[in-house]
Amino acid sequence: MLTAALPSPAIPRACVPPHAHYPFCNASLPLERRLDDLLSRLTLDEKPSLLIARNSPKGNISRLGIPEYDWGGNCIHGVQSRCAPDGRCPTTFPNPNALGATFNRSVWAAMGGVIGLELRALWLQNVGEDHASNLPHIGLDCWSPNIGIVRDPRWGRNLETPSEDPLVCGSFGEEVTKALQQSPLDGRYVQAVATLKHFDANSLEGNWGPHGTLTRHTFDAKISAYDLAETYLPAFRQAVERGGALGVMCSYNAVNGVPSCANEWLLGTKLRAEWNFSGYVTSDSGAVVDVLRSHHFTSNWTQTVSATLRAGCDVESAPWPPAHPYGTGGPYEEYAPAAVRSGELPQAALDLAVRRTLRLRFRLGLFDPTDDQPLWHVPPEAVGAEAHLRAARDATAQAFVLLRNGGEAAAVLPLAARAGRVAVVGPHANARAALLGNYLGQVCADAIDSVDCVQSPAEAIGALNGASLTSNASGCAVNSTDTRGLAAALAAAAAADAIVFVGGLDVTSVEREGKDRADVGLPGVQPQLLRSLLALRKPTAAVLLHGGVPTLPADLLASPHLALVSAGYPGAHGAAALAAALFDAADTPPADRWGKLPVTWYSEAGWAAAAFEMTSFDMSAAPGRTHRYYSGVPQWPFGFGLTYARTRLAAAPAGGGVAARVANLDARRRTDEVVFLFVAAAEGTVPRGAPASALRRSLADFERLGPIMPGATVEHVFTPKPSMVAMHDAEGQPTLYSGMYDFILSTGDPDSEIRFRYKCDSSSCQLADKAVS
């Protein structure tokens, strides 16, 4: 039970003497009347200062007692702040690409709840963002979750988003948003504000096109109305309409000729008019500047602020000068008053932006008495609380995907702890920071940039297997062609009974914000090292850290001695969770927590044949992108993932739905299993020539089941309905083609799918026939 604690006196409050007498401070008045009163008291020159993100400790209106507020905190997989004064650090979860592999809505919701509560506790302690200056003072707004799809495995920010599938991304956004914003402590107020990003079609980081001139700041994504409606908009719509998201970040790029932050169709027609979005929109950092300087969409600064504010971009994340402790100014602050005075920007447009942002500050409880607000009394002990750490460890345990487990003759995993010598080799064998990915707060209390408290894979395996039985040698760096260390790694492996190779990608030399990959292979001399390890003919578990998938040479996959694990970037608890997954852990009965692939893992030959253009946002151009359109044979398909325990999927009609039954055939091990419900139109249902005719299948629903005890069977009922078969026409309008559809139950293995044929129209889906797979 969390105990009450008084807020830090360092937290500035609105509506305290001598500024408590204004009508906007009267909590008994309707919210809109309070906003009217406050807006009437602000001068034209004061208003833009309330619309600048990451400007804390500036941005206050002292004459009215309105304190500063930071709109720019990040919470991608934990609060991105400093540790608290008492040494408690924000809880860190796996990166979103690993969280997507869990296919577990309760995991996503748990993370949102942890972040929201810890953000309140850190804010009350006047903690700043994770910069040496301890500034800006962290606000109660999270620039997350990132729910753009994984369009291309080369994109440098694939680790920040959960999947290539719009439903998974939308469900992730919905669950994180609801839990982050809605506090169980006090339903009257918003706990924190989720800000969905990046709206929209932001999946290009590097330098592309002729002479490398196309960057995220200059790029104009040409996207058909169909692809926008079918692929790029749905996740945002779900997180807004069903998750209730109160914030959206517009992206650097343009969409069909109009920069996102000046795009009235995106921010006005779709977001606010069609989806009834009631929150605020912020620009990405410097994106308002890009409207003029990079896109040349406007001719001067007053035109620029007029275009973005009129389109609905309420907050400007201004440029952050090098070595400056916080963001400073920007076009809104410098030019919005002049644009209003000249008549270029209507006063009403500026006031609407101020109203939208202030409304959220009121809904956060920042203008009301605090004595009866539990969210003003969240204790410091909430940060890094044991329950939060358990949630993070539980999420991590479900985030690994077992892609291969030896040959037909014998499984490589699990390894038996203390049954033999294990060599831990590879460029990430001793990794700490590399496990963490990006966008995270201070992890270790001893220093802002320290990762000394993070356990490495070699340490975790040594702790489980016994230090005397465990050796390690990195062998090479992630992206290096230097072979001088290979001999030491091979020597350690030759002296061992089993090998754990930990390699893959990183967010420094291979992929990151501002850097895309040039290709999709395993970089440097890692394939050479792994090939030499497999030549030793010993049980070898290869664990790959990555954002985008690292496609493997076919000869490596032919080895009967190879087990392969996709780890994403598993976070601060990743090493211990990995060791527990690789070895026969001491749980009773032993646990089997493997996840499933949230993306298509292309083969080396398939990727080369596809020749995807990085700058093409066409999803269906041959051979098609993602599992929904790809017509090639992947190395592993979306949803694939093995378990140690053998499971069996069965299904039968149940009322108006289909009951999926998963039996655990293992006599001693409990297991988890993910069941997917896909839908595919039968031949002739979708008219030829319609854009949706290229849609091979869609994910209609999914459920993670478990724990399934040894010998037990669990059941989950899926209900096919018209919304699951709805598509879009060439103009991007919703349409439903009446006819036959196959609803496909799967645990990720294409060879064990079960199909039911339904006849669907706009009113219902009725079982027509069961097609035996």
Side-chain angles (χ1 to χ4, degrees), residues 32 35-36 39-40 42-53 55 71 195-202 217 220-221 228 233 236 240 246-319 329-360:
E32 296 305 317
L35 288 168
D36 287 341
L39 274 165
S40 72
L42 295 170
T43 69
L44 175 59
D45 291 309
E46 287 173 334
K47 289 173 182 176
S49 66
L50 299 174
L51 304 179
I52 307 298
N55 210 21
W71 289 98
T195 305
L196 312 174
K197 63 184 192 181
H198 307 83
F199 193 61
D200 195 13
N202 177 77
H217 299 282
D220 179 13
L228 275 167
L233 295 175
F236 289 94
V240 167
L246 293 172
V248 168
M249 175 185 284
C250 50
S251 54
Y252 290 119
N253 57 282
V255 175
N256 293 332
V258 183
S260 295
C261 294
N263 198 313
E264 293 187 35
W265 181 83
L266 273 177
L267 305 184
T269 301
K270 303 306 291 186
L271 183 62
R272 296 191 189 278
E274 292 188 17
W275 304 348
N276 295 315
F277 175 70
S278 62
Y280 89 109
V281 173
T282 180
S283 77
D284 205 338
S285 297
V288 170
V289 172
D290 281 347
V291 171
L292 174 63
R293 288 185 177 168
S294 299
H295 294 291
H296 310 293
F297 184 73
T298 50
S299 300
N300 57 54
W301 289 118
T302 54
Q303 279 187 12
T304 302
V305 300
S306 179
T308 51
L309 281 164
R310 290 174 72 144
C313 179
D314 306 306
V315 168
E316 178 193 3
S317 178
Y332 276 18
E333 199 164 38
E334 295 171 34
Y335 297 100
V340 171
R341 292 186 176 106
S342 71
E344 199 164 14
L345 174 65
Q347 176 76 54
L350 177 62
D351 286 352
L352 183 56
V354 176
R355 177 181 289 269
R356 286 168 177 158
T357 57
L358 285 174
R359 183 185 290 118
L360 289 179

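Just so it is clear, the structure is predicted and the values come from calculations on it, not from any experiment.
Using a 4.5 Å cut-off on side-chain heavy atoms (C-beta onward), R310 and P346 make contact. The shortest side-chain heavy-atom distance between R356 and V281 does not fall under the 4.5 Å cut-off. Looking at heavy atoms from C-beta onward, T269 lies in side-chain contact with E274 at the 4.5 angstrom threshold. With contacts defined as side-chain heavy-atom distances shorter than 4.5 Å, the pair V288/S283 qualifies. Between T302 and L345, the closest side-chain pair of non-hydrogen atoms is not below 4.5 Å.
Remark: L266 CG to C313 SG distance equals 12.0 Å, nearest 0.5 Å. The structure places CG of L358 at 6.0 Å from CG of L39, a figure rounded to the nearest 0.5 Å. For the atom pair T195 OG1 and L360 CG, the distance stands at 8.5 Å (nearest 0.5 Å). Remark: L228 CG to K270 NZ distance equals 8.5 Å, nearest 0.5 Å. With rounding to the nearest 0.5 angstrom, the NE2 atom of H198 is 8.5 Å from the CZ atom of F236. Atoms NE2 and OG1, on H295 and T304 in that order, are 11.5 Å from each other to the nearest 0.5 Å.
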Problem - C261 and C250: CA distance, side-chain angles, deciding distance, disulfide bond (SG atoms under 2.5 Å apart) verdict - result: CA-CA 5 Å; C261 294; C250 50; 2.1 Å; yes
Exercise for the section: List the steps, then state whether side-chain contact (heavy atoms from CB on, under 4.5 Å) holds for N256 with N263. Expected result: CA-CA 10 Å; N256 293 332; N263 198 313; over 6 Å; no
Exercise for the section: Using the side-chain contact (heavy atoms from CB on, under 4.5 Å) rule, take V255 and W265 through it: C-alpha gap first, then chi angles, then the decisive distance, then the call. Expected result: CA-CA 10 Å; V255 175; W265 181 83; 5.5 Å; no
Exercise for the section: Mind running side-chain contact (heavy atoms from CB on, under 4.5 Å) on L51 and L350 for me, showing each step along the way? Expected result: CA-CA 10 Å; L51 304 179; L350 177 62; 3.8 Å; yes
Handout entry: side-chain contact (heavy atoms from CB on, under 4.5 Å) assessment of K197 paired with N202
Key = CA-CA 9 Å; K197 63 184 192 181; N202 177 77; over 6 Å; no
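The minimum heavy-atom distance between E316 and Y332, with the atom names listed, is OE1-N, 2.8 Å. Pairing each heavy atom of A318 with each of G330, the nearest pair is CB-CA, 3.9 Å. The two atoms that bring G257 and D220 nearest to each other are N-OD1, 2.8 Å, heavy atoms only. Closest of all the heavy-atom pairs between L50 and V354 is CD1-CG1, 4.2 Å. Scanning both residues, L233 and F199, for their nearest heavy atoms gives CD2-CE1, 3.8 Å. Shown here for A339 and V305, the closest heavy-atom pair between the two residues is CB-CG2, 3.9 Å.
Although no hydrogens or angles enter the test, the distance criterion places a donor-acceptor pair under 3.5 Å between the side chain of N253 and the main chain of D200. Not a single donor-acceptor pair under 3.5 Å links the side chain of T282 to the backbone N or O of M249. At distances below 3.5 Å, not a single donor-acceptor pair connects side-chain atoms of H217 with backbone N or O atoms of V291. Judged purely by atom type and a 3.5 angstrom limit, D284 has no side-chain atom pairing as donor or acceptor with the backbone of S251. With hydrogens and angles ignored, the 3.5 Å screen pairs a side-chain donor or acceptor of Y252 with a backbone N or O of S285. With hydrogens and angles ignored, the 3.5 Å screen pairs no side-chain donor or acceptor of S49 with any backbone N or O of D45.
Not counting sequence neighbours, the partners of S299 by the side-chain contact (heavy atoms from CB on, under 4.5 Å) test are Q303.
Between W71 and Y280, the gap from one ring centroid to the other is short of 6.0 Å.
Side chains of Y335 and S306: no donor on one and acceptor on the other come within 3.5 Å.
Annotation: R341, atom CZ; neighbour count of heavy atoms from other residues, nucleotides and ligands within 6.0 Å is above 12.
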